[in-house]
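This report refers to the structure that appears directly beneath it.
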Number of protein chains: 2
Amino acid sequence: MKRDLSTEEKIKAAAKKVFMTKGFDGCSVRDIAKEVGSNVALLNYYFRSKEKLFELIFEGAMSDFLQAMIAVFSSELTLKEKVEQLIDKEFSFFLEHPELPMFILQSLHQNKNDAPMPSHFLKPIAKTGIFEQFERAKANGEVRDISIRNVTLLLMSNVHYPFMSKKLTMQFHGISSAEFDDDLNKHKEIVKELITNYLFISNTKE
Amino acid sequence: MKRDLSTEEKIKAAAKKVFMTKGFDGCSVRDIAKEVGSNVALLNYYFRSKEKLFELIFEGAMSDFLQAMIAVFSSELTLKEKVEQLIDKEFSFFLEHPELPMFILQSLHQNKNDAPMPSHFLKPIAKTGIFEQFERAKANGEVRDISIRNVTLLLMSNVHYPFMSKKLTMQFHGISSAEFDDDLNKHKEIVKELITNYLFISNTKE
DNA sequence: AAAAAAATTAAACACTTGTTTAAATTTTGC
DNA sequence: GCAAAATTTAAACAAGTGTTTAATTTTTTT
């Protein structure tokens, strides 16, 4: 019946690596097969088609993408602490998966099928109660009058973009990868101060 | 000798449209030929290859990308005014060319040839004297102690990312395109206040 | 150990890819 | 008006695409 499970996993790992770096259109199934050290038929044996394999990888990436967010929001911290932790956690997460923001946005940008984002990605976030906590803090006057959507946009811009723009920024300033990583660390601290100063009217805890 | 010039321009326009929306890997030369209403051989007659045509489009896009920046920096304004104007101008520019940030970053991300950014893109910026103006303001105590590179990263993050993340954000919050555009406008004002407040040290506060 | 099931392979499928060729058409210079 | 040049076209090219087929090897079950 069942044999070594690792073949299927090996294909997924190879597909993830190749899709992430080259994108769906930028690679062939033979690229992935070569990465596995096997042949193309095996890919379709386990995963029906290139597209199905991609969707699987994409959903996994999307899940990773949101995992850090959910972890922070689920904790028992004040809103300000959560914002600070979120920025810290996301930065360290993306330092280990720097291609993720680009992969997600690029995939959504040119998705042939306009399939909406599965709601099971959003529910866990709503379930953390972060939105209610935010509205409460706003009503209490702890937080500036700003929509949660604009807060999200602010956070995502400052946390995701730097990892997407590494090549552009390095070339723009003529700096090395190491120098860019230094800038990234400074950026993290700047963003933390910048956003908390802007959002939170006083230091009083919730 | 020479005939109607517009054929070459029509091909460039079609190529720009197709490359922008689908990316280099995501389209075929026949897609572009169909957009022109002609056949594939004509593309290579004018532009040798798909790659050469793409490079042309990319350089043009890159030039557009920096044009607003240069225009603002060349003016005779204070640093604070320049920052505010830059944000305004970039937002209205990208409202008309919303695919540009994604196209630039995606193209740089998976450029097979690791050709560096041509220096003739950067010289015009340096030539505006904006860097010197910034260092002077820092020495005068008008501006916080922060590197120009971090200021750039801050500005680009908050100005470019929103346009790249439209699909993600719309799906994330379940909002319409019009609602997103509203958020975008609010974001612009938020970013202006956020960044100027952070960067520029007021006399009273000191 | 034999039979059945699962996993893996090489080869072929039909189709698309970027590019080139050579012929046809249009424009230009005289 | 005519030849030369420039433009446009259809067709072909070899190589690459995702997928399928059928045969082979390996594993599991009996």
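Throughout, protein chains are lettered first and strands after them, A, B, ... in sequence-line order, and every chain is numbered starting at 1. Just the heavy atoms: all of them, side chains too, but no hydrogens, waters or symmetry mates, feed the values below.
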Degree of bending, the helix from C/dA1-D/dT30 to C/dC30-D/dG1 (end axes from five pairs; round to 10°) = 10°

message = Please report the distance, rounded to the nearest Å, between CG in A/Leu53 and P in D/dT17.
response = 16 Å

key: Under-4.0 Å side-chain N/O to phosphate OP1/OP2 contact, A/Ser28 with D/dT17   = yes

key: Nucleotide nearest A/Tyr46 (side chain, heavy atoms from C-beta), chosen from D/dT19, C/dT20, C/dA7   = C/dA7

request  = Kindly assign one of parallel, tilted or perpendicular to the pair B/Phe103 and B/Phe58, based on the angle between their ring planes and the thresholds 30° and 60°.
outcome  = tilted

ask   = Strictly by modelled atom types, are B/Ser176 and B/Glu179 linked by a side-chain donor-acceptor pair under 3.5 Å?
value = yes

query = Roughly, in whole Å, what's the span from NZ in B/Lys10 to C1' in D/dT8?
reply = 12 Å

Show each protein N/O and nucleotides 9-15 of chain D N/O combination with a separation under 3.5 Å, one pair to a line.
residue	atom	partner	partner atom	Å
D/dT9	OP2	B/Ser38	OG	2.6

ask   = Cationic tip of A/Lys50 within the cone over A/Phe24's six-membered ring, i.e. under 6.0 Å and within 45° of the normal?
value = yes

ask   = In whole angstroms, how far is the P atom of C/dT8 from the CD atom of A/Glu8?
value = 10 Å

ask   = How many Å lie between CG on A/Asp25 and C1' on D/dG16, as a whole number?
value = 15 Å

Quiz item: cation-pi between A/Arg144 and A/Tyr198, 6.0 Å / 45° = yes

ask   = Over how many whole Å does the gap from A/Glu51 atom CD to D/dG18 atom C1' extend?
value = 11 Å

request  = Could you check how far CZ of A/Phe24 sits from P of D/dT17, rounded to whole Å?
outcome  = 13 Å

message = Rounding to an integer number of Å, can you tell me how far A/Leu43 CG sits from C/dT9 C1'?
response = 13 Å

inquiry  = Salt bridge check, B/Arg149 against A/Asp182: does any charged N sit closer than 4.0 Å to a carboxylate O?
reply    = no

Atom-to-atom span, NZ of A/Lys50 to P of C/dC15 - whole angstrom = 19 Å

request  = Return yes if some donor-acceptor pair links the side-chain N/O of B/Asn150 with the main-chain N/O of A/Asp183 below 3.5 Å, else return no.
outcome  = yes

task = Considering just the side-chain nitrogens and oxygens of A/Thr7, establish if one lies under 4.0 Å of OP1 or OP2 belonging to C/dT8.
result = yes

ask   = Is B/Glu135 salt-bridged to B/Lys138, cutoff N-O under 4.0 Å?
value = yes

request  = Can you run down the side chain to side chain donor-acceptor pair (under 3.5 Å) pairs that involve residues 68-80 of chain B, sequence neighbours left out, and say none if there aren't any?
outcome  = B/Thr78-B/Glu81

key: N-O pairing of B/Asp88 and B/Lys192 below 4.0 Å   = yes

